[in-house]
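We count residues from 1, following the sequence as given.
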Amino acid sequence: MWDWSGTLLDDSEAAFRAMRHTILTEGSIEISSHHYRRNYTQPLRDFFSRLIGHRVSLDEHKKLAATYYAKYKELSAACKLTPGAAETLAAWRAAGGTQSLLSLYPHDSLLSLVQRYNVDHEFNLIQGSHGLVRAGEAEIVAEHLNLLNLGECGTCFVGDSPDDARAAGTFMFFHFIQGEYSLTINNVGARTLTSLPALLDMLD
């Protein structure tokens with residue numbers, strides 16, 4: 001099970017710049033990359049609240065989200081897949097493995113992006129978010145596995161954030177790290193990846 005943003009898609013800098021623009025435009029607050037990493041969380045409403053310093057209302061959230069996604073769409077147009085991503089997906093599929101994509105990015109936009117990078121055929125299931133995200137990580141993962149008719153046994157999750165690690169629950173989690181925008185997690189059972197192709201050797 002793969003995460004998209006920051007894992008398969010090399011967009012961490014674009015995400016930070018879009019968030020910095022959003023918080024400065026709507027909240028008149030300048031944020032640093034350190035503040036961004038230290039306060040990162042999902043769902044997006046909780047992240048906005050941490051960065052602005054108060055619990056944002058649903059109306060505030062909608063406005064902030066619209067600004068963020070518009071700026072992110074602009075900046076991410078130049079983003080590429082993470083080095084080795086396409087090759088790793090293809091190799092795992094060729095070896096007889098199955099894989100899926102789970103993201104909190106809006107579902108329709110996620111589908112368009114995955115098709116744009118020509119990797120949609122690699123996944124048994126692609127699942128993004130629908131509307132405002134209210135369910136917790138565990139519930140979202142449980143729903144995803146249920147749609148795949150899978151249990152946790154034999155399943156692993158590759159992601160880049162603390163929320164990905166929490167979502168992994170009791171099954172194997174691989175923490176992907178690259179560049180200055182990498183997020184710190186507190187998961188003693190996580191295995192660290194500094195390149196995606198390395199995953200194939202670790203699962204061999």
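Aromatic rings of F47 and Y40 (six-membered ring for Trp) have centroids within the 6.0 Å cut-off, being under it. If you look at F16 and Y72, their ring centroids are not closer than 6.0 Å.
Taking all atoms of both residues into account, the shortest heavy-atom contact from L75 to A14 is CD1-O, 3.7 Å. G159 approaches D3 most closely through the heavy-atom pair CA-CB, 3.8 Å. Shortest non-hydrogen contact noted between L193 and L199 is CD2-N, 3.7 Å. Between H107 and I126, the shortest heavy-atom distance links the atoms CE1-O, 3.2 Å. In plain terms, the two heavy atoms of C79 and Y117 that are nearest each other are O-OH, 2.7 Å.
To the nearest 0.5 Å, the span separating CG on D108 from CG on L113 amounts to 11.5 Å. Expressed to the nearest 0.5 Å, how far CD1 of I52 lies from OG1 of T22 amounts to 9.0 Å. To the nearest 0.5 Å, the span separating CZ on F174 from CG on L203 amounts to 4.5 Å. Here R17 contributes atom CZ and S33 contributes atom OG; the two are 13.0 Å apart, rounded to the nearest 0.5 Å. One finds the CG atom of L110 at 5.0 Å from the OG atom of S103 (value rounded to the nearest 0.5 Å). Residue N124 holds its CG atom at 11.0 Å from CG of N149, rounded to the nearest 0.5 Å.
Side-chain contact between I23 and E30 is absent, with no heavy-atom pair separated by less than 4.5 Å. For the pair V158/L8, no side-chain contact is recorded, criterion being any heavy-atom separation below 4.5 Å from C-beta on. Between F48 and L44 the shortest side-chain heavy-atom distance falls below 4.5 Å.
With sequence neighbours excluded, no residue forms a side chain to side chain donor-acceptor pair (under 3.5 Å) with T82.
Side-chain atoms of D11 come within 3.5 Å of backbone N or O of G6 as a donor-acceptor pair. The backbone N or O of D164 lies less than 3.5 Å from a partner atom in the side chain of S161, making a donor-acceptor pair. Side-chain N or O atoms of E74 include none that pairs as donor or acceptor with a backbone N or O of K71 at under 3.5 Å. Panel note: side chain S129, backbone L104; a donor-acceptor pair is recorded below 3.5 Å. A donor-acceptor pair under 3.5 Å links the side-chain atoms of R50 to the main chain of N39, judged by distance alone. Using modelled atom types, one side-chain atom of Q99 and one backbone atom of L89 make a donor-acceptor pair closer than 3.5 Å. Checking side-chain atoms of S109 against main-chain N and O of Y105 turns up no donor-acceptor pair under 3.5 Å. Side-chain atoms of S49 come within 3.5 Å of backbone atoms of V56 as a donor-acceptor pair (strictly under, hydrogens ignored).
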Take L148 and M1, measure what side-chain contact (heavy atoms from CB on, under 4.5 Å) needs, and give me the verdict at the end. CA-CA 11 Å; L148 288 165; M1 185 163 44; 5.8 Å; no
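No side-chain donor from either of Q115 and H121 sits under 3.5 Å from a side-chain acceptor of the other.
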